[in-house]
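For ligands, and for the atoms within them, numbers begin at 1 and follow the listed sequence.
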Amino acid sequence: MVVNSSLGRPENMYSEMFLSLLIVFLTWNLSSAAPNYLIGAGIADMTGPAADVNMMGYANPGQVTGGIHLRMYARAFVIAEPDDSKRFVFVSIDGGMQGQGVTLEVVKQLKAKFGDRYTEKNVAISGTHSHSGPAGFLTEVLFQVTSLGFIKDTFDAFVNGIVKSIVKADEDLQPGDIYMNQGHLYNASINRSPSAYENNPAEERAMYSHNVDTNMTVLRLVSEKGEDIGMINWFAVHGTSMNNTNKLISGDNKGYASYLMEQYYNKGARPGKGRFVAAFAQSNLGDVSPNTKGAKCIDTGLPCERNSSTCNGKTENCIAFGPGRDMFESTEIIAEKQYNRAMELYKNASMKLSGHIGFVHQYVDMHNQTAHYNDSFTGKTCKSSMGFSFAAGTTDGPGAFSFTQGDTEGTIFWKIVRDAIKTPSKELIECQKPKPILLPTGEMDFPYEWQANIVDTQILRIGSFGIIVVPGEFTTMAGRRLRNTVREAMIASGAPKNTTVVIAGLSNTYADYITTYEEYQVQRYEGASTIYGPHTFRFYENQYERIAKDLVKGVVPPPGPTPPDLLPSQIALLPPVVFDRVPFRKNFGDIVTDVKSSYVKNSTALVTFRAGNPRNDLKTDKTFLSIKYQDPVTNEWNEIYNDADWCTRFYWNRTSTLFGLSEVTIHWDIPYNAASGNYQIHHYGNAKDLFRGMKSYEGISSIFKVQ
Ligand SMILES: *[C@@H]1O[C@H](CO)[C@@H](O)[C@H](O)[C@H]1NC(C)=O
Ligand SMILES: *[C@@H]1O[C@H](CO)[C@@H](O)[C@H](O)[C@H]1NC(C)=O
Ligand SMILES: *[C@@H]1O[C@H](CO)[C@@H](O)[C@H](O)[C@H]1NC(C)=O
Ligand SMILES: *[C@@H]1O[C@H](CO)[C@@H](O)[C@H](O)[C@H]1NC(C)=O
Ligand SMILES: *[C@@H]1O[C@H](CO)[C@@H](O)[C@H](O)[C@H]1NC(C)=O
Ligand SMILES: *[C@@H]1O[C@H](CO)[C@@H](O)[C@H](O)[C@H]1NC(C)=O
Ligand SMILES: *[C@@H]1O[C@H](CO)[C@@H](O)[C@H](O)[C@H]1NC(C)=O
Ligand SMILES: *[C@@H]1O[C@H](CO)[C@@H](O)[C@H](O)[C@H]1NC(C)=O
Ligand SMILES: *[C@@H]1O[C@H](CO)[C@@H](O)[C@H](O)[C@H]1NC(C)=O
Ligand SMILES: CC(=O)N[C@H]1CO[C@H](CO)[C@@H](O)[C@@H]1O
């Protein structure tokens, strides 16, 4: 046997081989054990006022908050290099969208607390688009028309909740790994503007089997100790399972999916208080509805006219319905579909992310930018404008009057009304064509900005995974084009060939919808709400391509123009709570209608109390109600559910505006697996006395049996 002289005798060679194998094994083992990142997760309550405040989403002036079904949460994830040389935070909020005023205030507070650790460049905040949260947090006029201006209580609840969730995630930072998985989820979404989608080139549509994205992407965050600390999931579907008649605050289908997963991993913890944080974040949902039964005419039961979504010319009768018997069950079904699929993907996630953390951010003034198509064709973006079809709403929540979708003409009557507000300039009319302009918001600045002119563009990176953070609602096809372009730009600049990207929708600034150029021509609701004109999408595509290259090459682009601080100019018209009263010889917390003495499982317990206005105290991190169970061994009363649980509903009703009287009704849907025994329902409130100020009170139901 010929042996390497340095190894000496054969037995030495074997032992040395064994030794080097051992070393290889040990180093391999050690290197696979050393986590690739620092990770941290945090959750905080951001529920706004549960009374009197218009809800964000449907722009229905009659839809004002009157209670709580689910509390709203901010869910934050800090991800850093193992030596903490670079980090970013991604936050998903149960709100309608993220607004620029909120983002600027969050960053300001983070700077005060942490110095340069968090800035507008490495903080990304994305809204889930629930249409059942309070409005008034956006600082631009258009979104304040139905909410009677700015609502400071909503704004503060959002800012405080987001900041708190980031502080918690920051404190939680620890070594850990991130695993990715992707799969499809069918039958949880439909395209609500197929006639616009079908205007995209046939060759392009032929590349996809559905007119909505069925992909779900999941990140699994696991600590060094092997503990599950959180999940982030992206799937495109609107938060419109609860319809425009709902008055209870709710995170809609995504909020409930988060609740289900957090309850699964945080056994025994109250909602929002557990260790594990599960974000069901939003993506390119522009034309995607959860109302899977589709639209029909509610008067005749027949299909609506497809291009305009009307019934006999009327918009308000064409409504889409979810898969359930009512909106609660529809929310439950769409949430459970997302939750079940996310759990499968989460448990199976095995693609371990590696490679550097990165982020890139640039503000852009969206007016008058050049969209480059090819060497012989460019287009220009315009000052913002809403088209006529915007006022038609969608089949998830139709508008009123005579507006219809697919309107490229406009009607004389509404042009006169509009002109009384503001006549669009000739250039703007020309630039926005074929959109007939209802509101030339970019030319309106009274009393302050009507829609954002300067928006955030941003991309976050975890090695071969990219998060495209976008300031609005990209449609299915616009999102596909954007993902393809960004992924290719990243790979061309040196990112791994297997780079995967997701779109995080409604982030940092809200600049409405983004359709493709072809969809824009059809002027459905989404096209009418593509505010910077027909070339909006193409410009964004160019912009994200540029910053994707910068990100991978390590180039820091210029910051771009600074967005205006609109906070000092905000106008608030919603009157404050003046006083709360109870009838003569009655007290706050008195029972109006008591519970029954016993209930069977699977039925609903109800109790009504005399109450104050829930706006008096938002009960952040607390609750307006408690379902208590008497422990049969110790006889102690323990809270088992509160106002953040799915099985409870907290309704607030004003019974007399003149006399300041109001009541709350608490519903408890007794689960089929509830323990038999004694229960009691508590209500915690605050009442405002005209002379003596605020005082807290408690109402307690009689004890009842569940058997
Ligand atoms: C969708 O998910 C599949 C895995 O099921 C993956 O191969 C594909 O690349 C994903 N597509 C997009 C656009 O993310
Ligand atoms: C609906 O729109 C399509 C194009 O998107 C058009 O071909 C068709 O004629 C329209 N149908 C009606 C009834 O207007
Ligand atoms: C909203 O849902 C309820 C059922 O929960 C239904 O009765 C009502 O018609 C729906 N309204 C609209 C406008 O969709
Ligand atoms: C998990 O992944 C394996 C292998 O890719 C696959 O066969 C299995 O079906 C997956 N399980 C679930 C629950 O998705
Ligand atoms: C738009 O930008 C071009 C330069 O690209 C400039 O010539 C033009 O005056 C600008 N138009 C407006 C309305 O600002
Ligand atoms: C350039 O783009 C425009 C708009 O998409 C298209 O109509 C035109 O055919 C393209 N020209 C070339 C040379 O690709
Ligand atoms: C991408 O490929 C690299 C090497 O080819 C591998 O180490 C990494 O795990 C892959 N990442 C994903 C997310 O598949
Ligand atoms: C309170 O409001 C709910 C929902 O609007 C309604 O069903 C209920 O009857 C009202 N209760 C009272 C006491 O007015
Ligand atoms: C509870 O009610 C649901 C429908 O409301 C029914 O499907 C289920 O079987 C019931 N369960 C029990 C244990 O009664
Ligand atoms: C019940 C239902 O709609 N099932 C559909 C789910 O999605 C798949 C794939 O698109 C269809 O084949 C089923 O018909």
Side-chain angles (χ1 to χ4, degrees), residues 55 57-60 62-63 69 131-132 191-202 205 211 238 240-248 250 252 287 289-291 293-299 301 303-311 313-333 364-372 378-384 389 393-400 404-409 424-432 434 440 442-443 453 515-516 518-524 526-527 532-533 535 539 561 649:
M55 294 176 106
Y58 292 114
N60 172 4
Q63 192 193 11
H69 188 206
H131 280 46
S132 291
N191 191 305
R192 69 183 187 188
S193 287
S195 59
Y197 179 89
E198 283 155 21
N199 211 36
N200 289 308
R205 282 183 285 125
N211 62 5
H238 255 74
T240 49
S241 288
M242 298 298 285
N243 70 31
N244 65 7
T245 66
N246 171 48
K247 296 187 172 181
L248 300 181
S250 168
D252 207 275
D287 48 0
S289 167
N291 294 317
K293 275 190 192 157
K296 63 170 194 222
C297 296
I298 51 169
D299 47 352
C304 310
E305 198 288 308
R306 193 165 183 262
N307 290 9
S308 63
S309 291
T310 53
C311 303
K314 281 200 184 335
T315 291
E316 57 267 37
N317 285 346
C318 174
I319 298 180
F321 290 87
R325 280 166 304 185
D326 59 22
M327 58 182 159
F328 292 96
E329 198 185 54
S330 294
T331 304
E332 190 174 7
I333 293 169
V364 283
D365 185 339
M366 285 303 292
H367 142 251
N368 199 26
Q369 293 282 354
T370 301
H372 187 87
T378 59
K380 281 278 191 179
T381 60
C382 328
K383 285 186 175 170
S384 63
S389 304
T394 70
T395 51
D396 289 336
T404 61
Q405 293 198 67
D407 188 350
T408 52
E409 304 290 326
S425 67
K426 279 209 177 62
E427 305 92 273
L428 191 56
I429 292 172
E430 205 48 47
C431 185
Q432 291 274 355
E443 293 182 337
N453 295 316
T515 63
T516 65
E518 294 84 352
E519 290 163 355
Y520 185 89
Q521 304 308 312
V522 178
Q523 286 292 302
R524 294 271 304 173
E526 296 80 14
Y532 308 112
H535 305 297
F539 170 70
R649 292 182 204 172

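- At least one N or O atom of Met327 sits closer than 3.5 Å to an N or O atom of ligand 3.
- Remark: the Glu305 side chain and the Ser308 side chain contain an N/O donor-acceptor pair separated by less than 3.5 Å.
- Asp252 and Ser132 are not linked by any side-chain donor-acceptor pair at a separation below 3.5 angstrom, with hydrogens and angles left out of the test.
- The protein heavy-atom contact nearest to atom 1 (C) of ligand 5 is Asn368 ND2, 1.5 Å.
- Taking every non-hydrogen atom of Asp326 and a distance limit under 4.0 Å, the qualifying atoms of ligand 3 come out as 4 (C), 5 (O).
- Taken together, the cysteine pair Cys297 and Cys318 keeps its SG atoms at least 2.5 Å away from each other.
- Geometrically, Lys296 engages Phe321 in a cation-pi contact defined by less than 6.0 Å to the ring centre and at most 45° from the axis.
- A side-chain contact (heavy atoms from CB on, under 4.5 Å) with Ser193 is found for exactly one of Glu198, Arg524, Arg306, Glu519, namely Arg524.
- Summarising the contacts of atom 11 (N) of ligand 3 with Thr240, Asn246, Asn243, the nearest heavy atom is found in Asn243.
- Between Glu305 and ligand 2, no N or O atom pair is found at a separation short of 3.5 Å.
- Listed by atom number, the atoms of ligand 2 under 4.0 Å from Ser195 heavy atoms are 5 (O).
- Residue Asn244 has at least one heavy-atom neighbour below 4.0 Å for each of these atoms of ligand 3: 13 (C).
- Sulfur-to-sulfur, Cys382 and Cys431 sit under 2.5 Å apart at their SG atoms.
- Side-chain contact, Glu518 with Tyr197: no donor N or O sits under 3.5 Å from an acceptor N or O.
- Using a 4.0 Å cut-off between heavy atoms, Lys380 contacts ligand 5 through its side chain alone, with no backbone atom that close.
- For an aromatic pair to be called close, the ring centres must be under 6.0 Å apart, and Tyr520 with His535 fails this.
- Atom 7 (O) of ligand 5 is never approached by the protein to below 4.0 angstrom, counting heavy atoms only.
- Considering only non-hydrogen protein atoms, atom 13 (C) of ligand 5 sits nearest to His367 NE2, 4.2 Å.
- Met242 and Ser250 make their closest contact through CG-OG, 4.2 Å (heavy atoms, listed as atom of the first residue, atom of the second, distance).
- From the protein, the heavy atom lying nearest to atom 9 (O) of ligand 3 is Phe321 CE2, 4.5 Å.
- Here is the list of ligand 3 atoms found below 4.0 Å of a heavy atom in Thr245: 1 (C), 11 (N).
- Closest protein heavy atom to atom 4 (C) of ligand 2: Asn307 ND2, 4.6 Å.
- Within ligand 3, counting atoms from 1 as listed, the ones closer than 4.0 Å to a heavy atom of Ile319 are 13 (C), 14 (O).
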